[in-house]
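Reading through the structure tokens given below for one structure.
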Amino acid sequence: MDAKTERNVSFRGSEDFFDIELKDPITHAAGYLGVREALKHTFKEMGVLRSMRTLLSMNQKDGFDCPSCAWPDPEHPSPVAEYCENGAKALGDEATTEKIGASFFQKNSVEELSQLTDYELNKFGRLVEPLILKPGSVYYEPISWQAAFDLIASELKKLNNPNEAIFYTSGRSSNEAAFIYGMFARALGTNNLPDCSNMCHESSGVALGETLGIGKGSTTLEDLYEAEVILIAGQNPGTNHPRMLSALEKCKKNGGKVISINPLEESGLVNFKNPQHLGGWIGGGEDMADIHLPVNINQDIPLVKLILKKLVALEEQSNDVFDHAFIEKYTDGYESLIADLKNYTSEELLAKTGVSEEKINETVALLASKSKIIVCWAMGLTQHKNGVENIREYINLLLLKGAIGKPNTGTCPVRGHSNVQGDRSVGIQHFVDTAMNKRIKEHLGFTPPDHEGLDVVGTLKAMYEGNAKVFMCLGGNFLMAASDTEYTAKGIQNCDLTIQVSTKLNRTHLITGKTALILPTIGRSEKDMKDGKPRHFTVENSMGRVKRSKGILKPAADTIMSEPEIIANMGHAYFGEGHSMNWKALGNDYELIRTQIDQVAKGFSKTEERSVGAGYYLPNNVRELDFSMLPNGKAQFSVNKLPEHKLAKDEYMLMTIRSHDQFNTTIYGLDDRYRGVYNARRVIFMNIDDMKAVGLKKLDVVDITSTYDDQIRTAHNFKVVPYNIPSGNLASYFPETNVLVPYNHFADRSKTPISKSVKVRLVKK
Ligand SMILES: Nc1nc2c(c(=O)[nH]1)N[C@H]1C(S)=C(S)[C@@H](COP(=O)(O)OP(=O)(O)OC[C@H]3O[C@@H](n4cnc5c(=O)[nH]c(N)nc54)[C@H](O)[C@@H]3O)O[C@H]1N2
Ligand SMILES: Nc1nc2c(c(=O)[nH]1)N[C@H]1C(S)=C(S)[C@@H](COP(=O)(O)OP(=O)(O)OC[C@H]3O[C@@H](n4cnc5c(=O)[nH]c(N)nc54)[C@H](O)[C@@H]3O)O[C@H]1N2
Ligand SMILES: [Mo]
């Protein structure tokens, strides 16, 4: 049943079908087709000349950072094109010439709009005016910027306690915006700073912090080029980080091997054509993955344990498989790890993985003889109950091989949003960082709170239980991104005021608190002018490099405001002139914000380099082989339990993944050509033998249900698509399937929702 208040809004939108078409999956990612598809989309949204001019500036030293993923740019970007299909799509989506202002919302009520799909909502275009939805009303109306800031200030002043306010961040914001946003929350007195990374790479941060002393990866882009083996576990680069394929290609040219560990044979890992090379344009792509291990969902731990067991056996014979000098000097816990491996039989581990022993042996033989090893991963490892343990198990492998902190080795958690890592580095974190608090007190002149705040799952519960009054989002689409959509919707509706700083319309603008504000903002590709002069901001990529970004397009309207300015104005409205942070000045001059970042955030001190296009790397203890912050001053081996899933007889394990035509909750189009699905998103990928076993045929319609703690949740109307996926496993797209993910089931310690291992049943209609 839909969540309803006095407004009759739908948190699900239309669940109807479009006319689905199935074709054979396209096995070669990128190539000419990729660029053609991207340009088609971009030209349509932005016009031909404007598209070409802007694309040539993307990821260049003097241009702007791609608004899509966080994959790093090379030291010397290709002067012609340093972008991929998805970057071009993201740009087209942001820089579209379609606009929606007050007159659009006069005609369309939030009730009517909420009946549409997320795809249809995004298509309307850029938000260009500040708008307010008043209590009881179903129509947004214009509001002046100043009235909006005053309203926020007065609602915040009404709170009994600053912890009744929550400030969410999506990882598109610049370092400058994220920094003053985080400081605003702290100056108010709360650490309620949930962040998209809580649903994303939080498990990586926790696992890396515990074992290696820094919650970030250790590889640089150049490290990948000459690695001997790159393992890609639970990540789909062809769709989500296409520019990574160029780095893998370089590695292979240098003789490196790629191993893909994934329930699916994702395009791009199977066959790849590089559009930046002539070869890519005229065909002749090659298989990227030398070995593909089709592991069962959430069975990476048994798989890696089996690999380790087999390596131990080889080591006992030859004594040259592990790097003993490294283990001795830099690590702690080796004996416990080796002893623990004896607790499992190879047969029991093998059975859990679902992979053939032959392929595992091939992997073991390769790993045994090589030492320059890199592990790359993304959501396939993090979004499970044992997400943290998954990553720690792969780190065990790297530590045994001494493949940490040396050139062409290391950890590579491939980040999602283009600045999700930077946002965390500059203080978007719900936990207390005592060292940072000290610096805040010293340099910013106020005392930040010393109690932990709410992360995403904490926020869901607080809102549902009525403990949150003001909920602000710096970007993102919280309703659709978070788990348990109906529960989340009810929570949001419990708030008095919800505030969305956004570029495009999404469902979180329609399912709101009693009063709601839309504050439209400037996108990455647009010029941020002040007193006739352009301003720039900075971002940090997936590999810890901070870089300048400077948009080149005319903003969507002159009625929109930059993110730092919006927050600075809010700060001024709430704190007034006398506060130790000079909010007005910070909003005008980002150089002042950067100075504060350098004073407060760890590692940001290279003042002379921060305005230079090429950027600089933040410090990384792993690259220095410095583990002094860890117990005994050593990197930590870990002993991890096997994941346990008690599936009922008729239950399957569902992973909720991305199609090729979406960026998270933003649906660019309805095709997933790499998986052969056209014009449809309500599909469920299923093993053909599993289909036969329960009498399901291609394109039969099913409801998907999940049962946790006796509560049955249902996602309606999905068409069954026979697919090359291990038996017992299912895949479907997020966000449509988020209604199935229980709010109270998440990864131990990192609290990342279990979006990749949801136990479900199928009900034929
Ligand atoms: N075009 C585009 N680019 C994006 C995004 C987007 O939506 N669109 N999103 C961005 C963001 S925020 C992020 S975080 C990243 C996400 O990037 P990915 O993590 O690549 O995204 P997912 O589609 O969630 O894919 C997860 C992959 O893990 C596999 N997998 C699932 N479960 C398991 C498991 O238990 N073990 C193993 N070994 N594999 C498993 C799936 O088959 C799938 O290939 O991409 C970023 N880039
Ligand atoms: N079931 C399931 N759920 C998941 C996942 C999954 O794999 N499965 N993945 C999770 C992951 S990895 C992530 S990162 C989250 C993503 O969660 P979010 O970051 O909250 O979601 P997005 O879809 O990226 O947000 C899109 C919206 O951001 C706004 N926007 C775009 N650009 C800008 C900008 O420059 N400034 C501002 N202010 N706004 C902008 C637009 O209004 C757009 O509608 O979802 C998570 N949810
Ligand atoms: Mo993400």
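When a ligand or atom number is given, it counts from 1 through the structure's own listing order. All of these numbers come straight from a predicted model, not from anything done at the bench. Because only heavy atoms are used, hydrogens play no part in the values below, and waters and symmetry mates are left out as well, while side chains stay in.
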Can you list the atoms of ligand 1 that are under 4.0 Å from a heavy atom of [X]?
X      : answer
His417 : 12 (S)
Gly234 : 19 (O), 26 (C), 27 (C), 28 (O), 29 (C), 37 (C), 38 (N), 39 (N), 40 (C)
Cys200 : 14 (S)

Next on the checklist: Quick one, Ser755 and Met199 - any side-chain contact, counting heavy atoms below 4.5 Å?
Outcome noted: no
Next on the checklist: What I'd like to find out is whether the side chain of Phe734 reaches to under 4.5 Å of the side chain of Arg658, using heavy atoms alone.
Outcome noted: yes
Region of [X] engaging ligand 1 - heavy atom pairs below 4.0 Å:
X      : value
Gln383 : neither
Glu266 : side chain
Asp300 : side chain
His241 : side chain
Val295 : side chain
Arg658 : both

Ignoring hydrogens and geometry, is there a side-chain-to-backbone donor-acceptor pair from [X] to [Y] under 3.5 Å?
X      : Y      : value
Asn541 : Met543 : yes
His201 : Val414 : yes
Glu565 : Ser562 : no
Lys504 : Asp93  : yes
Arg524 : Arg172 : yes

Below 3.5 Å, N or O to N or O, backbone or side chain included: is there any such pair between [X] and ligand 2?
X      : value
Val501 : yes
Glu94  : no
His509 : no
Asn506 : yes
Gly476 : yes

How far is [atom] from its nearest protein heavy atom, and which residue and atom name does that atom have?
atom                    : answer
atom 34 (C) of ligand 1 : Gly380 O, 3.1 Å
atom 7 (O) of ligand 1  : Asn664 N, 2.6 Å
atom 41 (C) of ligand 2 : Thr503 OG1, 3.4 Å
atom 21 (O) of ligand 2 : Asn477 N, 3.6 Å
atom 42 (O) of ligand 2 : Lys504 O, 2.7 Å
atom 4 (C) of ligand 2  : Phe734 CE1, 3.2 Å

Checklist entry - Between Tyr668 and His660, is the ring centre distance below 6.0 Å? => result no
Checklist entry - Do Arg681 and Glu736 meet the salt-bridge criterion of a basic N to acidic O distance under 4.0 Å? => result yes
Checklist entry - Between Thr656 and ligand 2, which residue portion shows a heavy-atom distance shorter than 4.0 Å: side chain, backbone, both, or neither? => result both
Checklist outcome for this item: Note: Glu563, heavy atoms under 4.0 Å from ligand 2, region reported as side chain
Next on the checklist: Below 4.0 Å from ligand 2: does a non-hydrogen atom of His201 turn up there or not?
Outcome noted: no
Next on the checklist: If we count only N and O atoms by modelled type, under 3.5 Å, do the side chains of Ser502 and His509 hold a donor and an acceptor together?
Outcome noted: yes
Checklist entry - Does the side chain of Asp528 pick up a donor-acceptor pair with the side chain of Tyr590 at under 3.5 Å? => result yes
Next on the checklist: Is His384 close enough to touch ligand 1? Criterion: a residue heavy atom under 4.0 Å from a ligand atom.
Outcome noted: yes
Next on the checklist: Using 30° and 60° as the class boundaries, would you call the ring planes of Phe478 and Tyr168 parallel, tilted or perpendicular?
Outcome noted: perpendicular
